[in-house]
**Q** 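This structure is in structure tokens; I'll ask about it shortly.
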Amino acid sequence: MASTGVLHRRPGLRAGLLLAPPMLWLGVAYLGALAALFVTAFWGQNSFTGEVQRTWTLRNFHDLLTIGVYRTVTLRTIGIAALVTVVDAVIAFPVAFFMAKVASRRTQGILVVAVLMPLWASYLVKAYAWRGMLGTGGLVSWVARPFGLDTPGYGLTAVILTLAYLWLPFMILPIYAGLERLPGSLLEASADLGARNGTTLRRVVLPTVFPAIVAGSIFTFSLTLGDYIAVRIVGGANQMLGNVVYDNVGAANNLPFAAAMATVPVVVMLAYLAAVRRTGALDNL
Amino acid sequence: MKKSLTTAAALVLAFGAAACGTASGGSGSSGGGAGSFQPPDVPMKKSLGTMEGQVNILAWPGYAEDGSNDKSVDWVTPFEKKTGCQANVKYFGTSDEALTLMKTGEYDVVSASGDASLRLIASGDVAPVNTKLLKSYADIQPFLKNRAWNSVGGQMYGIPQGWGANLLMWRTDKVRPAPTGWGAVFQKSSPYAGKITAYDSPIYIADAALYLMNTQPKLGIKNPYALDQKQLDAAVALLKQQRPQVSEYWSDYLKEQQAFTSGDTLLGTTWQFIANLAEADKVPVKTMFPNSGSTGWSDTWMVSSKSKNSNCAYAWMDWIAGPSANAQSAEYFGEAPANAKACDLTSDKSFCTTYHAADKAYSDKIWYWTTPIKQCLDGRKDATCTDYGQWTQAWTEIKG
């Protein structure tokens with residue numbers, strides 16, 4: 001009884017107690033781990049036993065910047081992430097528009113569940129399903145054959161297809177939420193003023209949902225940037241940033257270099273967020 | 001005191017080995033790793049105690065089958081019944097993965113190939129093994145004892161499991177005529193471009209080096225694990241030329257089996273075990289051991305220096321290297337068993353002849369996985385060799 005009294009009289013203490021656990025988690029577990037990563041990136045490694053040597057060195061970053069293969073892998077990964085984002089945005093927009101503006105209330109609910117449904121299944125199951133579909137004699141080649149085409153096989157195209165499929169819900173939902181907030185009266189006003197559908201789309205709808213598309217793109221872009229499993233399953237002989245990190249932890253057991261490599265997606269993501277911020281999209285989230 | 005005892009034991013074993021004439025140094029498997037470093041001082045087990053009730057096993061796929069893959073293939077359950085140690089098995093795909101997992105200290109025993117064993121010894125992750133506590137050790141083929149990849153200075157660090165070669169596998173219905181050697185996967189503009197597979201590990205560089213050793217004598221490669229910078233560059237160039245023709249690199253045996261089944265892969269390096277699985281699924285595949293030799297493995301069960309279940313771990317090593325389990329596991333995996341008595345217990349009576357189990361000369365033709373280190377393993381004193389770190393770096397560059 002007394003304790004509730006104290007908490008009641010001191011709102012500062014109350015807020016402090018309420019915020020302490022999440023702040024502790026954010027500070028220690030989340031930012032702490034990130035800090036440990038950066039520190040590790042400046043250590044060396046005994047190449048024979050794989051033991052980490054705790055002496056300061058810039059060697060990892062030197063290798064990262066001077067050896068061409070890491071630049072290639074970084075550019076390839078950014079390219080894949082950008083393409084996945086574009087593919088998702090192009091597919092997600094009509095779907096979200098239909099859900100938000102055309103479908104009845106009942107259909108809307110069903111569609112939201114349908115979009116969320118793939119998230120109930122395991123990532124691996126979905127990736128392996130794509131491996132089966134894209135393989136020789138798989139579903140894709142069967143569908144494409146009447147048109148004189150064939151499956152793209154395992155490679156970068158397969159990676160983009162698979163990742164675009166995996167992250168699609170993360171693009172649809174923000175755009176859907178953005179379109180929900182767009183009043184139907186705006187569309188009607190635009191039509192009344194003589195704008196065609198295309199003009200309404202370009203000058204009314206797109207500018208309003210742009211922040212939502214950007215929000216979705218942050219998900220698809222960052223998720224792709226860190227992915228290394230899909231490329232192992234459907235990527236053929238290709239590798240992405242995540243694979244280099246994984247191989248340096250798992251194969252070479254070179255934790256310091258893996259840590260240095262892991263800073264690359266962090267830097268890319270920070271640059272992306274900074275660019276997004278300049279467009280003002282983040283203010284409207 | 002502890003140290004002097006270990007040293008004494010090591011000396012006794014070293015003399016024993018010398019007396020048996022089993023010192024290392026066959027043509028195909030010489031490794032200078034043994035003398036070139038001082039292992040950390042890890043105490044050896046002196047006597048067996050009561051079983052702890054469980055053992056955590058880290059193994060190559062197919063080495064610890066409990067009937068869950070195939071009901072008739074089970075040598076783990078009898079072990080559990082006999083010793084009361086519950087076996088928790090984890091399979092790994094590459095030696096590097098095994099090394100990383102062993103460093104966690106959560107596993108008691110590991111089936112280590114030569115490219116992991118020395119690194120495990122040097123980092124102190126495994127303990128010397130007291131072979132006097134292992135009844136099965138007496139029956140191990142003499143040419144597998146005290147070798148460069150399972151002992152240091154005459155002290156055994158494990159008990160041998162078996163050995164075999166990396167083979168060339170192809171789809172008989174699609175690849176015609178049948179390939180004759182490793183040239184099939186390394187040649188320029190192969191008719192099977194885009195359908196070739198290779199093993200996804202830096203150690204695969206040795207396969208390219210072995211091919212160069214046989215085809216380009218000018219490079220002067222004497223041991224595919226002892227490459228100076230120029231020789232490594234040549235191997236890397238060969239692998240970069242192979243890279244556009246590779247459909248995918250495999251380290252997960254199921255992935256390779258599936259790729260051969262679907263026809264996404266038609267030709268490439270494999271283990272007999274994978275070929276057996278594919279054949280059981282009626283996939284038309286065949287394997288060969290090219291005349292020019294091949295890389296291969298010689299596996300040793302090692303015990304973790306941090307093991308909390310060391311009695312169960314010793315019981316497992318004794319069991320798996322014992323005639324019955326060794327026969328079953330070697331036959332299932334498709335390799336020569338290390339235990340000489342295992343040959344009487346295989347279901348196929350000609351198995352040991354097929355796999356040359358007692359044939360030291362054949363065994364010497366295989367270049368066993370060994371960790372490349374700075375000191376050249378082929379005994380060159382005037383050259384500096386590339387180490388595994390450089391190989392790993394090169395492997396990333398090859399994949400591009």
**Q** Mind listing the closest non-hydrogen atom pair of Glu248(B) and Ile233(A) along with its distance?
**A** OE1-O, 4.3 Å
**Q** Quick one: closest heavy-atom pair of Arg131(A) and Ala259(B), and the distance?
**A** NH2-CB, 3.9 Å
**Q** Between CG of Leu134(A) and OG of Ser262(B), what distance do you get to the nearest 0.5 Å?
**A** 11.5 Å
**Q** Rounded to the nearest 0.5 Å, what separates atom OH in Tyr70(A) from atom CD in Gln393(B)?
**A**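 Answer rounded to 0.5 Å: 3.5 Å.
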**Q** Can you tell me how far apart CG (Leu255(A)) and NZ (Lys103(B)) are? Round to the nearest 0.5 Å.
**A** 11.0 Å
**Q** Tell me, side chain or backbone of Asn238(A) under 4.5 Å from chain B's heavy atoms, or both, or neither?
**A** both
**Q** Would you mind checking which part of Ser251(B) comes under 4.5 Å of any heavy atom in chain A, side chain (CB onward), backbone (N, CA, C, O), both or neither?
**A**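 When you check distances to chain A, only side chain atoms of Ser251(B) fall under 4.5 Å.
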**Q** Tell me, for Tyr128(A) versus chain B, whether the close heavy atoms (under 4.5 Å) come from the side chain, the backbone, both or neither.
**A** side chain
**Q** Supply the atom-to-atom distance Asp247(A) CG to Asp200(B) CG, rounded to the nearest 0.5 angstrom.
**A**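 If we round to the nearest 0.5 Å, Asp247(A):CG and Asp200(B):CG are 6.5 Å apart.
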**Q** Can you tell me if Asp264(B) uses its side chain to pair, donor with acceptor, with the backbone of Gly135(A) under 3.5 Å?
**A**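 It does not hold such a pair.
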**Q** Is there a donor-acceptor contact under 3.5 Å from the side chain of Gln239(A) to the main chain of Thr396(B)?
**A** yes
**Q** Within the distance-only criterion (no hydrogens, no angle test), does the side chain of Lys255(B) pair as donor or acceptor with the backbone N or O of Arg232(A) below 3.5 angstrom?
**A**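 The answer is yes, because a donor-acceptor pair under 3.5 Å joins these two groups.
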**Q** Work out which heavy atom in Arg243(B) is nearest to a heavy atom in Ala237(A); give both atom names and the distance.
**A** NH2-O, 3.6 Å
